Structure formats: C-alpha cells, structure tokens
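In what follows, a structure is listed as structure tokens, so that the remarks can point back to it.
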Amino acid sequence: MLKKLLITGAAGGLGRAMRTRLGGVAETLRLADIVPVEDPGPTEEVVTCDLADAAAVRAMVAGCDGIVHFGGKSVEGDFGTILNANILGLYNLYEAARAEGVGRVLFASSNHTIGFYRQDEWLKTTDPMRPDGLYGVSKCFGEALASMYHDKFGIETAIVRIGSCFEEPANHRMLATWMSFDDCAALIGCVFRAPRLGCPVIWGVSDNDQKWWDTASAAAIGWRPQDNSERFRAALDARMERPAKDHPNAVYQGGMFTQEPIHGA
C-alpha cells in the first residue's frame, strides 16, 4: 500500500467518484484541484493548486509516492486554456515528480487521441493517433511526455485512454466507450500494485459487448474489467432515438468532438 497518493482534479466528477473507492490503495489521499475540494475525510488532505504554477505543483507533489492525474481541461476549449491546463500543467507535474522522486503516475489520457477513426475500425494501442480536436492533441502531447520521462528518468506511467467514465452511458455511442467507476478504481489499484509497470497505453473501457479497442495490454498488470454497458441499452433505446447512420456519434469513435470548431479562432 502507498503511503500517500495524489489525485489531481479531485473536485471533478471522476475525482469525486474515486475518493470513496481507493481506500485500499493508499494510507492517505492528497486531493488537489484548482477549486477547493470539499469535506475531506480523516485520511484525506486537500491542496488547492493551479497546474500552470510550477512552484505550487511541486509543493502539491512533495511527499507523495504515487500520482493519479485527472486534472486539467477535460473537454474541448480555447487553445490558451488547454495550453496552460493540459500542456504546461502536465510538464509541471512531471518535473515535480522527477524532482520529488515520485516513480509512478496514472495519466488520464483520452479516446479523443484517436477520435477520427471510424467506429467500424478495430484499434490497438500501437495504431497512429488521430486526434479530433485541440483537447485530443493535448492528450497526444501528454502521452509523448510520459514516454519521454519514462525513457529518460525511469518514471513509470500507465497511460489510460479513458473512454467515457460515468455512472452510466449517456448515449448510444457510450455503450462502446463506457468504463464503470468500479472498473476504473480496480484499474488504479492494479497500476499501483504492479511490481513493474513501464509505460503502457491502456484502453480505459469496461468489458462491453460493443467496443472498438483491443484491451489485451491491460492484462499485463492484472486488470480485468467486470462491468458491461449492455445492461443500459434497453433504457437508452426507450429514452432516446439511436443516432442516424451519418451522424458523428454513429460514424466516428470521437463522436461529436470531431465537429467542434477551433474555439476562440
């Protein structure tokens, strides 16, 4: 068990969901976000930090022996915001990890690194990136940065290309991309218990009947997702129409992100 695990983006939806599920991973959770994290428990610490502030990021990382990085801009936006939160912020995080001797990170990458692949294409983690927007580009940068810090400094990173991690799928596209909170927590546990990690790319997706990604790489660290989005299909069909065959949510793996403009241009 880790002594202290840092979770960035802890005030967000995924961060809040993981707080209650990671008690067996670390003795103490350090919860960080750019906004205050509310109601810390007896085994939780709270840090308010702007990832673009290098000194604040180093103080945030100090004393931790593992990092789960959910922080940053989580959807498409203007380049200035993405630059500070996802590019400069991630550089600051890895520099802090190097300086403070933190040897293992889970980096929340995204399916939007490959969003312009079509839904009838089966992908391995080794297939070329095809980002669907500036947010996806920032995650491509993050994957490259993680790889360089592993090769140059030995910092191990699980690069997890998260599909759609919510309590349940919100639309029909998410039947293929959904990862349950419980499967996500189990993955985090496997990442920090593995004797050796390296720098693998892992598809962050549950064991759904419908999927587009080869998840074999996850088995190397012992992660075998248990949940399946199929149980939500009937409810989705009753609640909404399936997208038309030429709709981005039925054509591209990145769905509507492929149609986002360049914000602020």
Side-chain angles (χ1 to χ4, degrees), residues 1-74 85-86 89-90 92-109 146 155-160 162 164-168 178-197 202 204 206 218 221-227:
M1 180 182 288
L2 300 180
K3 292 290 186 182
K4 188 171 294 184
L5 178 66
L6 170 65
I7 304 177
T8 68
L14 187 51
R16 292 195 305 271
M18 291 303 104
R19 284 175 61 181
T20 61
R21 291 171 166 85
L22 296 180
V25 176
E27 294 176 4
T28 302
L29 299 179
R30 177 173 290 173
L31 308 175
D33 209 306
I34 196 169
V35 298
V37 179
E38 298 179 350
D39 302 320
T43 60
E44 295 177 331
E45 302 174 353
V46 170
V47 175
T48 303
C49 178
D50 182 349
L51 293 171
D53 183 336
V57 172
R58 181 159 181 182
M60 173 185 73
V61 168
C64 296
D65 46 352
I67 300 171
V68 174
H69 184 54
F70 292 145
K73 179 74 171 174
S74 62
N86 292 11
L90 190 66
N92 288 340
L93 186 80
Y94 271 97
E95 270 298 282
R98 180 183 65 81
E100 296 295 332
V102 180
R104 190 167 290 189
V105 179
L106 185 149
F107 168 54
S109 186
I155 297 175
E156 296 184 301
T157 297
I159 297 169
V160 181
I162 294 176
S164 309
C165 195
F166 300 101
E167 189 169 355
E168 60 183 68
W178 181 68
M179 179 167 63
S180 72
F181 289 149
D182 287 344
D183 280 340
C184 183
L187 172 56
I188 294 170
C190 288
V191 166
F192 290 100
R193 285 192 292 267
R196 295 184 63 183
L197 180 65
I202 296 168
S206 286
I221 61 167
W223 184 55
R224 294 172 177 81
Q226 302 298 306
D227 288 320

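Model, not experiment: these values are computed from the prediction.
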Taking the side chain as every heavy atom from C-beta outward, state whether Leu14 and Ile162 have any atom pair closer than 4.5 Å. yes
Measure across Gly204 and Val160 and return the closest heavy-atom pair with its distance rounded to 0.1 Å. CA-CG1, 3.8 Å
Given 3.5 Å as the limit, does a donor-acceptor pair link the side chain of Thr8 with the main chain of Phe70, or not? yes
Closest non-hydrogen atom pair, Pro225 against Ser206: CB-CA, 3.9 Å
Could you check whether any side-chain N or O of Gln226 sits under 3.5 Å from a backbone N or O of Arg224, counting only pairs where one atom can act as donor and the other as acceptor? yes
Start with the C-alpha gap between Ile34 and Leu51, add the side-chain angles, then the distance that decides, and say whether side-chain contact (heavy atoms from CB on, under 4.5 Å) holds. CA-CA 8 Å; Ile34 196 169; Leu51 293 171; over 6 Å; no
What residues, two or more places apart in sequence or in another chain, satisfy side-chain hydrogen bond (donor to acceptor under 3.5 Å, both in side chains) together with Asn86? Ser138
Out of Thr28, Leu31, Ile7, which residue meets the side-chain contact (heavy atoms from CB on, under 4.5 Å) rule with Glu44? Leu31
Under the rule for side chain to side chain contact (heavy atoms under 4.5 Å, CB included), what residues qualify as partners of Ala85, not counting sequence neighbours? Lys73
Under the side-chain hydrogen bond (donor to acceptor under 3.5 Å, both in side chains) test, residues paired with Ser180 that sit two or more places apart: Asp183, Asp227
Kindly write out the residues that satisfy side chain to side chain contact (heavy atoms under 4.5 Å, CB included) with Arg21, not counting sequence neighbours, or none if the list is empty. Ala17, Met18, Phe181, Asp182, Ala185
Given Ile188 and Val191, is the side-chain contact (heavy atoms from CB on, under 4.5 Å) satisfied, shown in steps? CA-CA 5 Å; Ile188 294 170; Val191 166; 5.6 Å; no
Atom pair CG (Leu187) and CD1 (Ile221), whose distance is rounded to the nearest 0.5 Å: 5.5 Å
Atom pair NZ/CG of Lys3 and Leu5 - distance to nearest 0.5 Å: 14.0 Å
Residue pair Ala218 / Ile202: nearest heavy atoms and the distance that separates them: CB-CG2, 3.9 Å
With sequence neighbours left out, what residues match Cys64 under side chain to side chain contact (heavy atoms under 4.5 Å, CB included)? Lys4, Leu6, Arg30
Those residues at least two apart in sequence (or on a different chain) that pass side-chain hydrogen bond (donor to acceptor under 3.5 Å, both in side chains) with Ser164 are Thr177
Can you tell me how far the CG atom of Asp65 sits from the CD1 atom of Ile67, to the nearest 0.5 Å? 10.0 Å
Of all heavy-atom pairs linking Phe107 and His69, the shortest is CD1-CD2, 3.9 Å
Do Val102 and Ile155 come close enough that some side-chain heavy atom pair is under 4.5 Å? no
Can you run down the side-chain hydrogen bond (donor to acceptor under 3.5 Å, both in side chains) pairs that involve residues 93-105, sequence neighbours left out, and say none if there aren't any? Arg58-Glu100, Tyr94-Thr157, Glu95-Arg98, Glu95-Tyr149, Arg104-Glu156
With sequence neighbours left out, the residues meeting side chain to side chain contact (heavy atoms under 4.5 Å, CB included) with Cys49 are Val47, Ala56, Val57, Met60
If you look at every heavy atom in Ile159 and Ser109, which pair is closest and at what distance? CG2-CB, 3.9 Å
Tell me the closest heavy-atom pair linking Ala10 and Asp33, and the distance in Å. N-OD2, 3.3 Å
